[in-house]
Amino acid sequence: MRRVLATLSLPLLLATGCAPAGSEPTGAPSPTGRQAVFEERAAQVAAAWQPGPSWSDGYIPLQEPTLLVGDPGFTPDTQTAFQAGWYRDQIPLPADQPEDGTIQFPSGTLTVPLVSAAEAYRELDRGDPPACGGRPTNPATPPAQPDGPDAGVSTSPQTACIPLTVTAVELDSVPVRTSRGEAMVPAWLFTTDELTAPVARLAVAPTAVGVPPEPAAPTAPLPAELVGALDLRAVDGATLTVRVGIGACDTGPTPLVYEQDDLVVVGGAVTRSTGVCTEQLLLEPVTVQLTAPLGDRTVLDVLGGTPLRLTTD
């Protein structure tokens with residue numbers, strides 16, 4: 001089965017230069033021509049994709065090992081703390097290695113060794129917040145007020161540079177995008193005072209975690225009118241949200257998708273303009289509609305043949 005769709009939306013990864021707004025494009029191919037060029041390139045990417053048995057038999061995660069389980073109720077400070085990996089533990093963290101766990105794939109299960117809660121926390125915690133330039137270390141403690149004519153006037157933000165406070169931990173399973181589709185993977189769930197949802201750190205021992213193979217992308221350069229995808233932002237049945245990029249002076253972005261029974265190739269087309277332009281890459285989410293739910297199919301980038309990872313803020 002081979003299906004090729006084109007949907008008007010925002011563009012994909014920048015490949016060449018661009019020109020100021022208002023420049024007239026020259027020699028731009030017709031949409032039909034772009035689709036034909038994309039289909040030829042995508043077919044080459046699909047034919048070159050030979051990931052090996054571990055892709056379908058092992059555990060290869062396609063997203064980060066730290067993720068949120070539900071809506072965290074972020075504030076600017078807590079979002080900064082989560083993204084920076086600032087934590088402090090207020091409970092004893094079990095250091096004993098638990099019994100082996102089970103990963104539940106759509107097509108079967110896999111038994112894997114797990115790490116302890118203490119080890120997972122060491123991987124989760126990336127250090128303490130830096131000095132905050134007059135901001136309090138506790139939100140309930142106001143900053144010192146100046147004396148003299150400026151007394152009573154605060155010159156510091158009334159928020160705190162603080163880590164997330166871990167108050168509980170438990171072993172559970174969370175949904176994770178893998179090379180074998182979405183799987184339920186063992187994870188340590190850390191409850192914090194500051195967030196309304198637990199922070200999960202995947203508990204599979206490093207010895208059981210595979211890595212994506214090096215893609216065998218086509219050797220020919222990407223045609224000038226085509227651009228590539230960066231990563232996945234969401235998967236909802238047959239709807240993919242892909243983070244994409246466009247040059248400041250490119251126009252007419254057209255995302256493209258190529259489907260087979262076992263994989264999907266995504267990319268896009270833009271109209272290049274002549275002249276001088278700033279080297280700027282603008283990232284935007286793009287919604288791509290497939291003709292069938294993604295399931296356990298691999299999503300590849302048309303530029304380099306790389307399997308796309310699911311990323312979140």
| field | Residues forming a side-chain hydrogen bond (donor to acceptor under 3.5 Å, both in side chains) with W49, sequence neighbours excluded | value | none

| message | Before you tell me yes or no, could you show the steps for E225 and V37 under side chain to side chain contact (heavy atoms under 4.5 Å, CB included), namely the whole-Å CA-CA distance, both residues' side-chain angles and the distance that decides it to 0.1 Å? | response | CA-CA 9 Å; E225 66 270 22; V37 171; 3.6 Å; yes

| task | With rounding to the nearest 0.5 Å, note down the distance linking CG in D89 to CG in D125. | result | 8.0 Å

| query | Taking only residues two or more places apart in sequence or in another chain, which ones pass side-chain contact (heavy atoms from CB on, under 4.5 Å) with T109? | reply | T102, Q104

| Stepwise, does the side chain to side chain contact (heavy atoms under 4.5 Å, CB included) test hold for V266 with L308? | CA-CA 9 Å; V266 292; L308 297 187; 3.7 Å; yes

| request: Kindly state each residue pair satisfying ring pair (Phe, Tyr, Trp, His ring centres under 6.0 Å) with at least one member in residues 84-112, sequence neighbours excluded. | output: none

| request: Examine distances only and state if a side-chain atom of Q79 and a backbone atom of F74 form a donor-acceptor pair shorter than 3.5 Å. | output: no

| query | What are the two closest heavy atoms between L310 and A234, and how far apart are they? | reply | CD1-N, 3.7 Å

| request: Would you list the pairs meeting salt bridge (Lys or Arg N to Asp or Glu O under 4.0 Å) in which at least one residue belongs to residues 164-174, sequence neighbours left out? | output: none

| query | How far apart are the C-alpha atoms of V176 and E182, what are their side-chain angles, what is the distance that settles it, and do they pass the side chain to side chain contact (heavy atoms under 4.5 Å, CB included) test? | reply | CA-CA 5 Å; V176 176; E182 185 175 88; over 6 Å; no

| field | Main-chain N/O of Q260 paired to R297 side chain as donor or acceptor, under 3.5 Å | value | yes

| query | How would you list, by chain and number, every residue that makes a side-chain contact (heavy atoms from CB on, under 4.5 Å) with D296, sequence neighbours excluded? | reply | none

| said: Checking A200 now: which residues fulfil side-chain contact (heavy atoms from CB on, under 4.5 Å) with it, not counting sequence neighbours? | reply: L67, V69, V174, A187, L189

| field | Under 3.5 Å donor-acceptor, R180 side chain and I60 backbone | value | no

| Qualifying residue for side chain to side chain contact (heavy atoms under 4.5 Å, CB included) with L290, from V257, V299, V235 | V257

| message | Taking the side chain as everything from C-beta on, heavy atoms only, tell me whether Y258 gets closer than 4.5 Å to L300. | response | no

| Spacing of OG1 belonging to T312 relative to CG belonging to L232, to within rounding of 0.5 Å | 12.0 Å

| remark: When every non-hydrogen atom of A292 is compared with those of E259, the smallest separation belongs to N-OE1, 4.0 Å

| task | Can you measure from CG (L230) to CG (D301) and round to the nearest 0.5 angstrom? | result | 8.5 Å

| message | If only side-chain N and O atoms count, and only distance matters, is there a donor-acceptor pair under 3.5 Å linking E119 with Y121? | response | no

| query | S116: what forms a side-chain hydrogen bond (donor to acceptor under 3.5 Å, both in side chains) with it, not counting sequence neighbours? | reply | none

| Does a side-chain heavy-atom distance below 4.5 Å link P163 with P129? | yes

| Min side-chain heavy-atom separation L263-P307 under 4.5 Å | no

| note | To the nearest 0.5 Å, atom CG of L164 lies from atom OG1 of T78 at 7.0 Å

| Can you name the closest pair of heavy atoms from P212 and L62 and give their distance? | CG-CD2, 4.2 Å

| task | Rounded to the nearest 0.5 Å, what's the gap from CG on L240 to CZ on R233? Could you check? | result | 14.0 Å

| query | Would you find more than 12 non-hydrogen atoms of other residues, nucleotides or ligands less than 6.0 Å from E99 atom CD? | reply | no

| field | Spacing of I162 atom CD1 and D128 atom CG [to the nearest 0.5 Å] | value | 12.5 Å

| note | Sorted by chain and residue number, the salt bridge (Lys or Arg N to Asp or Glu O under 4.0 Å) partners of E64 (sequence neighbours excluded) come out as R309

| T191: what forms a side-chain contact (heavy atoms from CB on, under 4.5 Å) with it, not counting sequence neighbours? | T167, A168

| query | Do S173 and V185 touch side chain to side chain, with heavy atoms closer than 4.5 Å? | reply | no

| How close do R126 and Q83 get, heavy atom to heavy atom, and via which atoms? | NH1-O, 3.4 Å

| request: Would you check if V288 and T241 make a side-chain contact, meaning some heavy-atom pair closer than 4.5 Å? | output: no

| query | Do the side chain of R41 and the main chain of V302 share a donor and acceptor less than 3.5 angstrom apart? | reply | yes

| task | Identify the heavy atoms of W188 and P98 that sit nearest to each other, and give their distance. | result | CZ2-CG, 4.1 Å

| field | Where at least one partner belongs to residues 192-212, residue pairs that pass side chain to side chain donor-acceptor pair (under 3.5 Å), sequence neighbours excluded | value | T66-R201, T165-E194

| request: Taking side-chain hydrogen bond (donor to acceptor under 3.5 Å, both in side chains) as the test, write out the residues that go with D231, two or more places apart. | output: R243, T311

| task | Show the numbers, then the answer: is there a side chain to side chain contact (heavy atoms under 4.5 Å, CB included) between L226 and L256? | result | CA-CA 9 Å; L226 296 186; L256 302 168; 4.3 Å; yes

| message | Among residues at least two apart in sequence or on other chains, which ones pass side-chain hydrogen bond (donor to acceptor under 3.5 Å, both in side chains) with T298? | response | W55

